[in-house]
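The chains referred to below are lettered A, B, ... by the order of the sequence lines, with proteins before strands, and numbering in each begins at 1. Here the structure is a predicted model, which is why all the values come from computation and not from measurement.
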Amino acid sequence: MSEFSSRLIAWQKVHGRHDLPWQNTTDPYAIWVSEIMLQQTQVAAVIGYYAKFMQRFPDIATLANATQEEVLQYWSGLGYYSRARNLHKAAITIMDIHGGEFPQNFDTIQTLSGIGRSTAAAIASFAFNQIQTILDGNVKRVLARHFLVEGWPSHPKIEKELWARAENLLPESQMIAYTQGLMDLGATLCTRSKPKCADCPLIDSCAAYKQQRVHQLPTPKPRKAIPEKNTTMLILVRGDDVMLEKRPPTGIWGGLWSFPEADISENLPELAYSRFGISTQFTQSLPQLSHAFTHFKLHIQPQQLTVLSNNSQVNEAGYLWLNIDDAIGAAIPTPVRKILQTLQLNLTSTHFSD
DNA sequence: GAACCGTGGTC
DNA sequence: TGACCAAGGTT
């Protein structure tokens, strides 16, 4: 066994994490669900969701027999909702194709929706004690430092090298402690900022530490200049209600409720009449806010319009009048929630001043 | 190969 | 406080 793996395993047994909700089991389903929830998501955010999900969907058959809508309901708030759709889809696949038993073959596991090489390795090692290496963000950081690998770790060329190094380090046994040790080391000692090198079991062989370059690694993702966009949101207020519009099922905020949008140059009451057949009066501009996405920054100018007459009601699918309090509790993105809260404060103070 | 997909925490 | 990131995978 390599010095790397033996020291890591010994360290994990003493200093690693042993009481997370998905540990101390070899049930592939329980491990699978945890690994999907933990993709790009921190442990603290997962724990509450995991307990409720496992209580409602305790096994593969229960999950497969549930509706996608209910699975998404239990995922609501976790983000990356394709994970939930793929989890559900894969459960059905296991029932239909694999006789209801989670497959043990490493390549077969990777054919399931939402399971790539790293997640498959986590399941295979934790549930079936197979000799397969994970390569998640923790492991990339540990290896980039230990072997002084420069370049963004998720660049295909760099990632290929890290996969090869990770494979070379694998022990011949004790895969549960080893895999967990890789994660624990990255999560508790070899952190991005303020790494605790003095406590690290691998300090003697760490190339970055030897050159005092730990803080420089891993190389951050190259950032391209992001464009900025402007939009106007129409806040149509009818009494205590506001109008919401359902966004398309894919794309930014896909499937969520938001305000109708307009080009900032447009005449808003006229636009509201032509689009919705509603007579409105401009009331006020609400504070502008900005929201950062991965690839662009959005500047939002909310414009409040008061509904004057309601001769033509908006009854089409995809539109909704909701009481402001109810709207805040609906499936809305964060900027919409902020606008609603501003609106709520304005209306409250208006009532007091009347 | 690069864009896309959510949210919350950290500094 | 805006940038950066976290138990990645799919298109």
Side-chain angles (χ1 to χ4, degrees), chain A residues 16-17 20-23 31-50 72 75-87 89-90 109-126 133-142 144 152-160 162-163 166 176 179-188 190-194 215 217-228 247-256 289-299 331-337:
Chain A
R17 297 173 291 186
L20 295 171
W22 42 84
Q23 289 185 286
I31 294 163
W32 172 34
V33 171
S34 75
E35 291 302 328
I36 300 301
M37 283 192 174
L38 288 161
Q39 287 172 357
Q40 300 288 283
T41 309
Q42 295 179 343
V43 168
V46 165
I47 288 179
Y49 283 87
Y50 183 77
L72 284 170
W75 211 272
S76 178
L78 249 193
Y80 283 128
Y81 299 101
S82 65
R83 294 184 297 173
R85 294 193 295 270
N86 285 330
L87 189 69
K89 181 180 177 183
I109 295 173
Q110 291 180 68
T111 67
L112 296 170
S113 298
I115 301 182
R117 179 174 174 182
S118 186
T119 299
I123 298 170
S125 60
F126 284 137
T133 186
I134 60 169
L135 187 65
D136 61 13
N138 285 316
V139 184
K140 287 176 178 174
R141 186 170 55 254
V142 169
W152 180 47
S154 291
H155 187 284
K157 183 178 176 182
I158 306 296
E159 191 169 274
K160 184 178 180 182
L162 294 176
W163 273 116
I176 293 177
T179 301
Q180 191 63 49
L182 283 176
M183 296 171 169
D184 291 348
L185 190 73
T188 65
C190 198
T191 49
R192 175 146 245 311
S193 59
K194 298 182 181 178
H215 65 287
L217 295 164
T219 304
K221 177 185 175 77
R223 295 291 171 181
K224 297 174 182 177
I226 58 173
E228 303 195 9
R247 297 183 60 87
T250 58
I252 294 297
W253 301 337
L256 297 183
L289 52 141
S290 299
H291 194 76
F293 295 95
T294 310
H295 300 295
F296 66 97
K297 179 183 260 187
L298 185 65
H299 300 286
I332 55 175
T334 298
V336 172
R337 179 166 283 108

Would you indicate what [X] reaches in the nucleic acid, counting non-hydrogen atoms under 4.0 angstrom: base, sugar-phosphate, or nothing?
X	value
A:Thr41	base
A:Leu87	nothing
A:Leu78	base
A:Trp75	nothing

Do side-chain atoms of A:Ser118 reach the backbone of A:Ile134 as a donor and acceptor pair under 3.5 angstrom?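 Pair absent, no side-chain N/O of A:Ser118 close to backbone of A:Ile134.
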Using modelled atom types only, decide if a donor and an acceptor are shared between the side chain of A:Gln180 and the backbone of A:Gly16 within a distance under 3.5 Å.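 Pair absent, no side-chain N/O of A:Gln180 close to backbone of A:Gly16.
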Could you check how far [atom1] of [X] sits from [atom2] of [N], rounded to whole Å?
X	N	atom1	atom2	result
A:Lys221	C:dG8	NZ	P	14 Å
A:Leu217	C:dC4	CG	P	17 Å
A:Gln40	C:dC4	CD	P	16 Å
A:Glu35	C:dA7	CD	P	11 Å
A:Trp163	C:dG9	CH2	C1'	12 Å
A:Lys140	C:dC5	NZ	P	12 Å
A:Tyr80	B:dG8	OH	P	13 Å
A:Leu38	C:dG9	CG	P	12 Å

On DNA chain C, does the nearest nucleotide to A:Pro220 precede the nearest nucleotide to A:Arg117 from the 5' side, or the other way round? Give the residue.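 Result: A:Pro220.
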If you assign A:Gly137 and A:Pro218 each to the DNA chain C nucleotide with the nearest heavy atom, which residue ends up on the more 5' nucleotide?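 Taking each residue's closest nucleotide, the earlier one in sequence belongs to A:Pro218.
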Could you give the distance separating [M] and [N] at their [atom1] atoms, to the nearest angstrom?
N	M	atom1	result
C:dG9	B:dG8	P	23 Å
C:dA7	C:dA3	P	22 Å
C:dT10	B:dG1	C1'	14 Å
B:dA3	C:dC4	P	15 Å

Check every atom of C:dA7, C:dG8, B:dG8 against the side chain of A:Gln42 and return the nucleotide holding the closest atom.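 Output: B:dG8.
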Measure from the side-chain heavy atoms of A:Tyr81 and tell me the nearest of B:dT7, B:dC11, B:dG1.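 Ranking B:dT7, B:dC11, B:dG1 by closest atom to the A:Tyr81 side chain puts B:dT7 first.
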I want to confirm an ordering. Mapping A:Lys157 and A:Gly79 to their closest nucleotides on DNA chain B, which one lands closer to the 5' end?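 The residue closer to the strand's 5' end, by nearest nucleotide, is A:Lys157.
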Using heavy-atom distances to pick each residue's nearest nucleotide on DNA chain B, tell me which of A:Ser193 and A:Arg85 is more 5'.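 By nearest-heavy-atom nucleotide position, the 5'-most residue is A:Arg85.
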Tell me yes or no: between the side chains of A:Thr41 and A:Arg83, is some donor less than 3.5 Å from an acceptor?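 Side-chain D/A pair, A:Thr41 to A:Arg83: present.
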Going by atom types only, do A:Ser154 and A:Lys221 share a side-chain donor-acceptor pair under 3.5 Å?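 Result is no, nothing qualifies.
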Would you say the side chain of A:Trp75 lies within less than 4.5 Å of the side chain of A:Ile36, judging by non-hydrogen atoms?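 In contact.
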Please check the phosphate of C:dG9 (OP1 and OP2 only) for any side-chain N or O of A:Ser113 closer than 4.0 Å.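 Answer is no, no contact under 4.0 Å.
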If you round to the nearest 0.5 Å, how far is CG of A:Leu162 from NE2 of A:His155?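 It comes to 12.5 Å.
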Can you find a donor-acceptor N/O pair under 3.5 angstrom joining the side chain of A:Arg141 to the base of C:dA6?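 Side chain to base: no pair present.
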